[in-house]
Amino acid sequence: AQSVSQHNHHVILSEAASLELGCNYSYGGTVNLFWYVQYPGQHLQLLLKYFSGDPLVKGIKGFEAEFIKSKFSFNLRKPSVQWSDTAEYFCAVNAVGANNLFFGTGTRLTVIP
Amino acid sequence: DTAVSQTPKYLVTQMGNDKSIKCEQNLGHDTMYWYKQDSKKFLKIMFSYNNKELIINETVPNRFSPKSPDKAHLNLHINSLELGDSAVYFCASSQFGLENIQYFGAGTRLSVL
């Protein structure tokens, strides 16, 4: 079975700081990778996804993530965060063709104006 | 129009009661899911239905019974509610296939007193 680790539980940044949130997964086969964001009191929204091809994927709101297969990692980055990025960020993985989506425990991002 | 809609948004009830949460999707997807998000924000899949057939049934007490009258609906019925059932329950849907992008509802916050 797959598992996902997000090592940062709570990250606090000032506006304009750069962001990198770690995500590592364990699974030996081919995977799809996702980052979801949950703004306070709202549902999960897809931020970006990786299926195949270019390992650097760009998502909405200036976020990007890089898939490094050798490290089983899919870290999320943003060069300059805004107060409105304050949210919970979830990394998720599923085996290609499977329904099960395994989530990490989430990273809370607080951006201070 | 909301793609994945859940009702109710909030549910407060006493221990021992029976309650239902409804979910509907208008995306034309063939697969629907129920997730439980605990107080630590950890998301875990409970059930998944594909074309009204149960395909994922994680280790969940049998007090929880999903019902899918058609592809667009997946309801969750919970019998004899317990304090530990307090959580946010998310419904999601996807089109089964290699990529399987899941779209989430706004969640139902269940509080058992």
Side-chain angles (χ1 to χ4, degrees), chain A residues 1-11 21 23 25 27 29-53 57 59-60 65 67 86-110, chain B residues 2-7 9-10 21 23-25 27 29-51 53-60 66 68 74 87-109:
Chain A
Q2 299 112 77
S3 67
V4 182
S5 298
Q6 291 181 246
H7 309 295
N8 314 106
H9 295 293
H10 190 187
V11 173
L21 301 182
C23 173
Y25 69 94
Y27 182 68
T30 307
V31 295
N32 296 323
L33 296 155
F34 307 84
W35 276 97
Y36 282 85
V37 59
Q38 187 178 23
Y39 297 105
Q42 295 190 27
H43 64 288
L44 281 91
Q45 300 172 42
L46 184 66
L47 204 51
L48 48 77
K49 60 191 184 294
Y50 171 82
F51 297 138
S52 64
V57 292
I60 59 172
F67 171 47
T86 294
E88 194 91 21
Y89 291 82
F90 293 91
C91 181
V93 62
N94 73 342
V96 171
N99 272 22
N100 283 34
L101 192 58
F102 291 86
F103 282 87
T105 49
T107 298
R108 189 196 308 173
L109 172 65
T110 302
Chain B
T2 305
V4 182
S5 57
Q6 296 177 227
T7 53
K9 194 171 171 68
Y10 300 97
I21 308 172
C23 179
E24 176 181 2
Q25 55 94 4
L27 297 168
H29 289 161
D30 60 2
T31 307
M32 296 184 72
Y33 311 80
W34 277 109
Y35 287 84
K36 179 179 179 181
Q37 186 178 47
D38 63 23
S39 58
K40 295 183 179 176
K41 298 281 189 176
F42 183 59
L43 266 162
K44 192 168 190 302
I45 191 163
M46 300 172 69
F47 302 103
S48 176
Y49 271 73
N50 175 258
N51 284 317
E53 298 293 325
L54 181 66
I55 54 172
I56 295 174
N57 185 359
E58 292 296 305
T59 308
V60 175
S68 182
L74 180 62
V88 181
Y89 292 85
F90 285 99
C91 177
S93 74
S94 72
Q95 185 62 26
F96 185 79
L98 291 178
E99 297 184 344
N100 190 26
I101 300 172
Q102 295 187 19
Y103 296 85
F104 285 79
T108 296
R109 183 175 293 276

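Chain A is the first sequence line, chain B the second, and so forth, proteins listed ahead of strands; every chain is numbered from 1.
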Undergrad: Should the pair A:Y50 and A:F67 be assigned to parallel (<30°), tilted (30 to 60°) or perpendicular (>60°) ring geometry?
TA: tilted
Undergrad: Select one option (side chain, backbone, both, neither) describing which atoms of B:Q37 are under 4.5 Å from chain A's heavy atoms.
TA: side chain
Undergrad: Which bit of A:Q38 comes within less than 4.5 Å of chain B, counting heavy atoms only: side chain, backbone, both or neither?
TA: side chain
Undergrad: Against chain A, label B:I101 side chain, backbone, both or neither, depending on which of its atoms sit under 4.5 Å from a heavy atom there.
TA: both
Undergrad: Checking A:L46 against chain B: side chain, backbone, both or neither under 4.5 Å from a heavy atom?
TA: side chain
Undergrad: May I ask you to test the B:S68-B:M32 pair for a side-chain heavy-atom distance under 4.5 Å?
TA: no
Undergrad: Could you list the residues that satisfy side chain to side chain contact (heavy atoms under 4.5 Å, CB included) with B:H29, not counting sequence neighbours?
TA: B:Q25, B:L27, B:S93, B:Q95, B:Y103
Undergrad: Could you work out, with side chain to side chain contact (heavy atoms under 4.5 Å, CB included) as the rule, every residue matching B:F42, not counting sequence neighbours?
TA: A:T105, B:D38, B:K44
